Each structure stands twice: as structure tokens, then as C-alpha cells.
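As C-alpha cells, the structure follows; a few thoughts come after it.
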Amino acid sequence: MAKINRRAFVLANAIGLTAPPRRSFGRAPAVLRQSVKPIVISSANGHRFRNGGTQTCVELAFRRIVDGDDLLDALIAGVNIVELDPEDASVGYGGRPNADGVVQLDACCMEGSTHRAGGVAALEGVRTPSKVAQAVMLHTDHHLLVGSGAQNFARQLGFNIEADLNTDRSRRLWLEWKRRTDPNHYLDPNRTVAQSQVDSELLAETLSDTDEAYGTINCNGIDLQGQLAGVTTTSGLAWKIPSRVGDSPILGAGLYVDSQAGAVGSTGRGEANLYNLTSFLIVEYLRQGMSPQDAGLAGLRRIQENTREPRLQNSRGLPNFGVTFYVLNAAGECAGVSMYGGSNRTYALCTENGPELLPLEPLLDGTPND
Ligand code: GLY
């Protein structure tokens with residue numbers, strides 16, 4: 001198929017013409033609509049990092065969708081920018097290491113029309129786990145490969161395996177954490193406070209920030225045919241117990257996509273999504289006809305209601321952590337919602353009007369620490 005440029009796309013859209021996908025996966029999409037305008041939505045880091053290039057994740061993904069590229073290929077090319085950028089310390093190369101100082105990565109991708117998906121968890125040595133997740137989807141009968149098996153699979157498919165994905169910065173931060181010996185992940189059953197003194201000290205000294213602690217990128221898109229897809233990729237919780245797997249590679253937790261309903265992914269405390277399968281829940285709310293914002297807020301409310309352990313509550317009895325959802329429905333409407341707001345709490349969007357960072361809609365007032 002010939003590529004179309006942006007002007008041609010706008011024109012084609014205006015007159016009701018849309019382009020077929022460049023690549024077919026052998027099964028007709030369940031949803032085909034005419035005159036759908038492409039949109040890419042992601043976490044804010046999707047419009048913050050360029051890895052030395054000229055485009056951010058959402059810009060590149062949007063351009064490739066408009067050019068008629070395969071939707072999931074376009075989204076994964078976008079998140080690759082962030083995975084490869086050493087400045088983003090929450091994803092891919094240079095992501096926060098685990099408690100042993102090893103960077104272990106989780107990722108998942110899903111096509112909403114074919115319902116195919118692939119994931120990897122606790123993968124070491126590959127800078128772009130999203131691409132390995134896509135390879136699991138394309139080349140296996142399975143959904144999820146983990147640990148050394150995931151790495152062997154990546155090696156067999158020709159991925160470059162590196163001994164260490166730490167950067168100087170991620171290693172220095174880990175050493176600082178290690179020096180202060182954090183017992184936070186091995187819980188004392190009698191302990192009722194949430195954050196260890198070590199975490200507070202590190203935050204106060206700006207060696208860490210809460211976004212990076214659970215940092216992740218989720219990126220979802222809709223193409224000219226109204227097909228939806230999404231990808232979530234992360235280094236997971238900073239200083240986690242080795243082999244801890246978060247929500248990002250787990251379908252329904254950190255990502256879920258159905259072209260008849262919507263695409264939803266998440267950043268923030270992964271355990272909250274594992275306990276509530278919140279991305280799946282929000283897609284189901286979209287299917288029932290809720291708006292993206294209402295569906296996302298209802299998902300957050302479910303997390304709030306199910307957060308009952310005192311160690312996970314602040315002085316108001318509310319969740320003492322952040323979770324954010326990036327919600328796109330089958331009509332191409334979207335919203336970014338989070339447990340708490342704040343002046344720098346944003347999500348990224350790219351439409352025919354270009355990329356922008358927009359404020360997240362919060363469920364709760366105040367901050368997680370109030
Ligand atoms: N949401 C990322 C994680 O918890 O691993």
C-alpha cells in the first residue's frame with residue numbers, strides 16, 4: 001500500500017476515505033469503521049523522551065499510523081524510544097534495578113481486533129522488552145515467557161543479549177539504596193506504616209521520585225480502520241525482590257485491549273492492578289457504554305474500595321500510592337485518570353493537531369501522603 005502523508009491523510013479523512021493496514025495478520029479485524037481519526041495516548045514519558053532523536057513516542061507512533069503502518073508495530077516503535085533512552089529510569093535500558101542490582105524488565109502488548117497478545121516478565125539483558133513481547137505473540141502459541149526462558153527465547157530470535165542494562169545513574173541509585181539497607185519489601189506482619197525511613201530519605205534527597213519508583217510507559221492507539229492496540233513496558237518497582245512481576249506483563253492488569261470496546265493500560269502501583277484486574281475492568285465499563293473518564297474513575301474507585309490493609313492507607317484511610325490509567329474507547333475518545341492529581345500529573349496525546357501533555361483527572365483530592 002502506498003504511504004500517505006499527513007496532508008493526504010487529513011484530506012482522505014475529510015472525504016471519508018481510509019487506508020487499509022499495511023500488514024494483515026491473517027484474520028479479518030472484528031471491527032472495521034470508516035473515517036476514524038488516529039489517536040495515540042500514553043503516559044507522560046511518551047512525550048518527554050527522544051533518546052537523542054527528534055520525535056517522542058506518541059509523535060512517532062502517530063506518524064507511522066497515519067503512514068499506514070501496522071498499528072501495533074507503530075506503538076512498539078514509539079515505546080522503543082523510551083526503552084532505549086537512558087534518561088528514563090523506569091523503562092528498559094537504565095531502568096531501576098531490583099534488590100540485587102539487576103535490571104529486570106516486564107512488557108506486554110495486545111491487538112484489540114485479533115485478540116492476540118504476548119508478554120515477558122523478569123527479562124534480563126534486552127533493552128526493548130516490548131519487542132520480545134511482540135515476538136512471543138507472533139512466534140509462539142503462548143502468552144507469557146519469564147526469566148531465563150524469556151531471555152533464551154529472545155536470544156534464539158536474534159535479540160542482542162547484554163550482560164547488564166544498568167547505566168551509571170541506575171547503578172549509583174541502587175548502591176545508595178543498598179547502603180541504607182531497605183527492609184521495605186520483606187514485610188513485618190506487625191508493621192502498619194507504609195514507607196520505610198529509607199524511602200522517605202531517598203525521596204527527600206531527590207535521589208528518587210514516586211513516578212520513577214513504579215515508573216512505566218503505557219501507549220495505546222487507534223488506527224484509520226478503528227482497530228485498537230496497546231503496549232506496556234517497564235523496569236517495574238524500583239529495588240523489588242528479584243523476580244517480582246508487576247502488572248505490566250499481565251493481561252487485564254496493566255493492559256487490555258478489545259477493538260469493540262477500548263484499550264486501557266496503566267502505570268503506578270502494579271499490585272493494585274493485579275489484585276483488581278483493573279485494565280480489563282475498565283474495558284468492560286467502556287463496553288457498557290461509560291465514557292473513558294467515567295470508566296477510568298470507576299476502575300480507580302474499585303482499587304480504593306479494595307485497599308483495606310492499613311499499611312497501604314494514608315491518615316485519611318485512602319490509598320497511599322498512585323495508579324494512573326490511559327483510556328481509549330472504540331470511538332476514539334480518550335481520558336487520562338489517576339488516583340491523585342497534581343500540577344505535574346499529566347498524560348500524553350497525539351492527534352492530527354499534534355502532540356500535547358494534558359492534566360490527568362484525579363479520583364481523590366490531596367496527595368497519597370496526606
Ligand atoms: N506498574 C508497574 C509495576 O508495578 O511494575
Side-chain angles (χ1 to χ4, degrees), residues 41-46 79 82-83 88-92 94-100 102-110 119-124 129-130 132-133 144 146-147 150 165 170 174 184-185 187 194-195 199 208-220 230-256 263-282 296 299-300 302-303 306-307 311-312 319-327 336-340 345 347 360 368:
I41 181 173
S42 87
S43 40
N45 47 358
V79 300
V82 185
E83 289 176 322
D88 186 315
S90 71
V91 178
R96 291 288 167 88
N98 65 21
D100 287 346
V102 177
V103 178
Q104 288 186 328
L105 304 173
D106 298 341
C108 178
C109 63
M110 186 169 189
V120 289
L123 172 64
E124 298 175 14
S130 63
V132 186
L144 183 62
V146 306
L165 294 183
S170 63
W174 177 78
N184 204 36
H185 301 113
L187 298 175
Q195 282 192 320
D199 283 347
S208 177
D209 74 49
T210 46
D211 276 350
E212 284 191 357
Y214 284 104
T216 299
I217 181 166
N218 163 248
C219 184
N220 307 313
V231 55
T232 304
T233 172
T234 186
S235 55
L237 174 63
W239 334 132
K240 60 195 174 186
I241 295 173
S243 297
R244 175 264 189 188
V245 172
D247 59 325
S248 302
I250 306 299
L251 274 187
L255 179 73
Y256 199 75
V264 177
S266 183
T267 58
R269 180 178 158 78
E271 282 72 11
N273 284 328
L274 288 165
Y275 297 152
N276 292 284
L277 292 179
T278 334
S279 291
F280 178 79
L281 180 68
I282 295 171
L300 287 164
R302 178 68 65 89
I303 291 175
N306 285 343
T307 301
R311 71 181 180 87
L312 295 173
N320 60 20
F321 52 83
V323 186
T324 301
F325 293 101
Y326 311 92
V327 185
V337 299
S338 64
M339 193 66 83
Y340 295 95
R345 306 281 297 135
Y347 68 102
L360 290 161

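As the structure lists them, so they are numbered: ligands from 1, and atoms in each ligand from 1. All values derive from a computational prediction rather than experimental measurement.
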[X] side chain to [Y] main-chain N or O, any donor-acceptor pair under 3.5 Å?
X      : Y      : value
Thr232 : Gly254 : yes
Asn218 : Leu255 : no
Thr234 : Asp106 : no

| field | Under the salt bridge (Lys or Arg N to Asp or Glu O under 4.0 Å) test, residues paired with Arg302 that sit two or more places apart | value |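 For Arg302, no residue satisfies salt bridge (Lys or Arg N to Asp or Glu O under 4.0 Å) once neighbours in sequence are set aside.
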
For [X], the ligand 1 atoms whose distance to one of its heavy atoms is below 4.0 Å:
X      : result
Asp247 : 1 (N), 2 (C), 3 (C), 4 (O), 5 (O)
Gly236 : 5 (O)
Thr216 : 1 (N), 2 (C)

| Is Gly268 near ligand 1, meaning one of its heavy atoms is under 4.0 Å from it? |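 Within the 4.0 Å threshold, so yes.
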
| With a 4.0 Å cut-off on heavy atoms, is Arg244 touching ligand 1? |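 Yes, that is the case, since the closest heavy atom of the residue is under 4.0 Å from the ligand.
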
| What is the ring orientation for Tyr347 with Tyr326, classed by angle as parallel under 30°, tilted 30 to 60°, or perpendicular over 60°? |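 Judged by the thresholds at 30° and 60°, the geometry between Tyr347 and Tyr326 is tilted.
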
| If you measure from each non-hydrogen atom of Leu237 to ligand 1, which part falls under 4.0 Å: side chain, backbone, both or neither? |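 Under 4.0 Å from ligand 1, Leu237 contributes backbone atoms alone.
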
| What part of Ser266, side chain from CB on, backbone N/CA/C/O, both or neither, has a heavy atom under 4.0 Å from ligand 1? |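 Contact part for Ser266 vs ligand 1: neither.
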
| task | Could you tell me which residues satisfy side chain to side chain donor-acceptor pair (under 3.5 Å) with Asn276, sequence neighbours excluded, listed by chain and number? | result |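 Asn276 satisfies side chain to side chain donor-acceptor pair (under 3.5 Å) with Asn306 once adjacent residues are dropped.
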
